[in-house]
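Heads up: the structure comes next, in structure tokens.
We name chains A, B, ... by the order of the sequence lines, and we start the count at 1 in each one.
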There are 2 protein chains.
Amino acid sequence: MTDDPWVPPVVLLAVDLVILTLRESRLHVLLVERGIDPYKGSLALPGGFLQHDGEDITAAAHRELSEEADLDVEALSLEQFGVYGEPGRDPRGRVVSVAYLAIAPRLPEPSAGTDAADAGWQSADSVLLGDLELAFDHRRIIADGVERARVKLEHSALATAFCGPTFTITDLQDVYEAVWGISLDPRNFYRKVQKTEGFIVPAGTARKAATGRPARLFRSGPCTVLRPPMTRPAEAASVKE
Amino acid sequence: MTDDPWVPPVVLLAVDLVILTLRESRLHVLLVERGIDPYKGSLALPGGFLQHDGEDITAAAHRELSEEADLDVEALSLEQFGVYGEPGRDPRGRVVSVAYLAIAPRLPEPSAGTDAADAGWQSADSVLLGDLELAFDHRRIIADGVERARVKLEHSALATAFCGPTFTITDLQDVYEAVWGISLDPRNFYRKVQKTEGFIVPAGTARKAATGRPARLFRSGPCTVLRPPMTRPAEAASVKE
DNA sequence: GCTAGTTCCTGTCAAACTGACAAAAATCTA
DNA sequence: TAGATTTTTGTCAGTTTGACAGGAACTAGC
């Protein structure tokens, strides 16, 4: 018998990334095809284990972001939003996963069929409604991540992260409509974002659109916290929960 | 040479609990005195490692809550709010800690000087301002937990969790004032909470107070999401961030 | 060039909400 | 019975919201 009475159990630590973007005015999430068991061939969130014993968790998230998603890391917001560690969620052992939320502007179409697994942006609806089978508990993680994004849109300037460096007010409205899954009155939306101080600032030239009156361009303003917040219509807020 | 190229590093998983309550109209946090190294003798959050390999993280949080804090577990809300896993935060090795926020109603004074370490409720201000030395990165964790509570007070009915089963509107206002660290107009507060549907409901008898007009009693209503939200005055919101 | 179609932007108006404050109601104390 | 204290009900002006009308700026088709 040893002198040492009890040692705490150890776990494997992973990070999973919920990366959201807008494509054709609909919310999409980045998924990759798993190359190894378990769930080989299934779609899953980008992510993976800590690389070495001394790697910081946030650093691991950034590393996976560039490794698996090949995205411009610097430009992306990256926020921890949950931990998933239920015993049995991974057949390999006790795996605890830290989930991060990232928002990406619309990027140029990835060349279809590159060497990377041909998975890519998938409609968030198809994932959340269960049309698509996902590895592990990743559907649950995506649901939580999307809900977090919905809430953040109300109180923060996160919506601008979905847009490029400059954007029109209609672009911004598309973000709100896609993430919240509702439609908003353009006139009232225009007034609201304009008078929310520090949300967006004019960006010089006003040009765009193949048809209709050209829209003014804006860029993200200095404030990250919206005062007053954007209010989500009653039905929309009660869909979840 | 083995066939196995690489194995992911393992970590020790812990939970830490930020348990908040109100005492004498001020926000307090529950701290315990560490009985073992490292930081033996220092104040720290209640918490600890997973007990065995198959223990669920949330279950561990509940276990620690009853073990270390001796609180009526059932009545408490318990919400995960962050993960702290910076390498080097614990000299024993790579420890990753999942932080939970719990809100407790004002409890009967614990008999001073029981067998449990005489630590107990400490003023949140004294912790956050650095008057009190804490083990590990626990001050940081408390700061994040308090900030989470501040935000949740705006949009959820969390404030009622600080109160007993029945309470007066003034009791509720005390919660907001203590957590937000500001003072509010009683007339406007009264009107606001009354017309926020489902927040609080009348609870029969109306009695209380040694002096002044007796206040009506209420109990927590059915809604957990406040529509419209309680709005925190501008200065208060901008203190943080 | 003119008209129709489209999109963006500026107004308007009533209803609801907010912040500041007055004053009445219900109790205890002196 | 006269404060003192605390809760509750109002009031009032300024702001915000939601719903909707209509003008402005541009493209496409004739």
Partner set under side chain to side chain contact (heavy atoms under 4.5 Å, CB included) for H155(A), not counting sequence neighbours: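 Partners of H155(A) under the side chain to side chain contact (heavy atoms under 4.5 Å, CB included) test: V151(A), P229(A), H155(B).
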With E64(B) via side chain to side chain contact (heavy atoms under 4.5 Å, CB included) - residues at least two apart: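 Here the qualifying residues are V15(B), L17(B), E67(B), E68(B).
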Salt bridge (charged side-chain N to carboxylate O under 4.0 Å, His left out) pairs, two or more places apart, involving residues 170-186 of chain A: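 Applying salt bridge (charged side-chain N to carboxylate O under 4.0 Å, His left out) to every pair that reaches into residues 170-186 of chain A, excluding sequence neighbours, yields D171(A)-K208(A), D185(A)-R187(A).
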Between [N] atom [atom2] and [X] atom [atom1], what is the distance in whole Å?
X       : N       : atom1 : atom2 : answer
F218(A) : dC9(C)  : CZ    : C1'   : 10 Å
D171(A) : dC9(C)  : CG    : P     : 11 Å
K195(B) : dA16(C) : NZ    : P     : 9 Å
F189(B) : dT18(C) : CZ    : P     : 13 Å

Contact interval (first through last nucleotide) of DNA chain D with protein chain B, 4.0 Å heavy-atom: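 Boundary nucleotides touching chain B, in 5' to 3' order, are dT5(D) to dT11(D).
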Any residue meeting side-chain hydrogen bond (donor to acceptor under 3.5 Å, both in side chains) with [X], in chain and number order, not counting sequence neighbours:
X       : value
T166(A) : none
R191(B) : N188(B)
K152(B) : E79(B)
R34(B)  : none

5' precedence on DNA chain D between L217(B) and P229(A) (nearest-nucleotide basis):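 Comparing both residues, the 5'-ward one is L217(B).
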F136(B) and H138(B) aromatic ring geometry - parallel, tilted or perpendicular at 30°/60° bounds: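 Rings of H138(B) and F136(B): tilted, 30 to 60°.
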Protein proximity profile, nucleotides 19-28 of chain C - base contact B, sugar-phosphate-only contact S, no contact -, cut-off 4.0 Å on heavy atoms: BBBB--BBBS
Phosphate-side-chain proximity, [X] and [N], N/O vs OP1/OP2 below 4.0 Å:
X       : N       : answer
Y190(A) : dT10(C) : yes
R216(A) : dT10(C) : yes
K192(B) : dT18(C) : yes

Contacts of D125(A) that satisfy salt bridge (Lys or Arg N to Asp or Glu O under 4.0 Å) - sequence neighbours left out: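 Once residues adjacent in sequence are excluded, the partners of D125(A) under the salt bridge (Lys or Arg N to Asp or Glu O under 4.0 Å) criterion are R26(A).
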Close approaches to DNA chain D from residues 157-168 of chain A, in residue order (heavy atom, under 4.0 Å):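 Those residues whose heavy atoms fall under 4.0 Å from DNA chain D, taken from residues 157-168 of chain A, amount to none.
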Would you tabulate the side-chain donor-acceptor contacts of residues 213-220 of chain A under 3.5 Å, counting partners in other chains and residues two or more places apart, or write 'none'?
| residue | atom | partner | partner atom | Å |
| --- | --- | --- | --- | --- |
| S220(A) | OG | T160(A) | OG1 | 3.2 |

P46(A) side chain near L65(A) side chain, heavy-atom distance below 4.5 Å: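 The answer is no, as the side chains (C-beta and beyond) never meet within the 4.5 Å cut-off.
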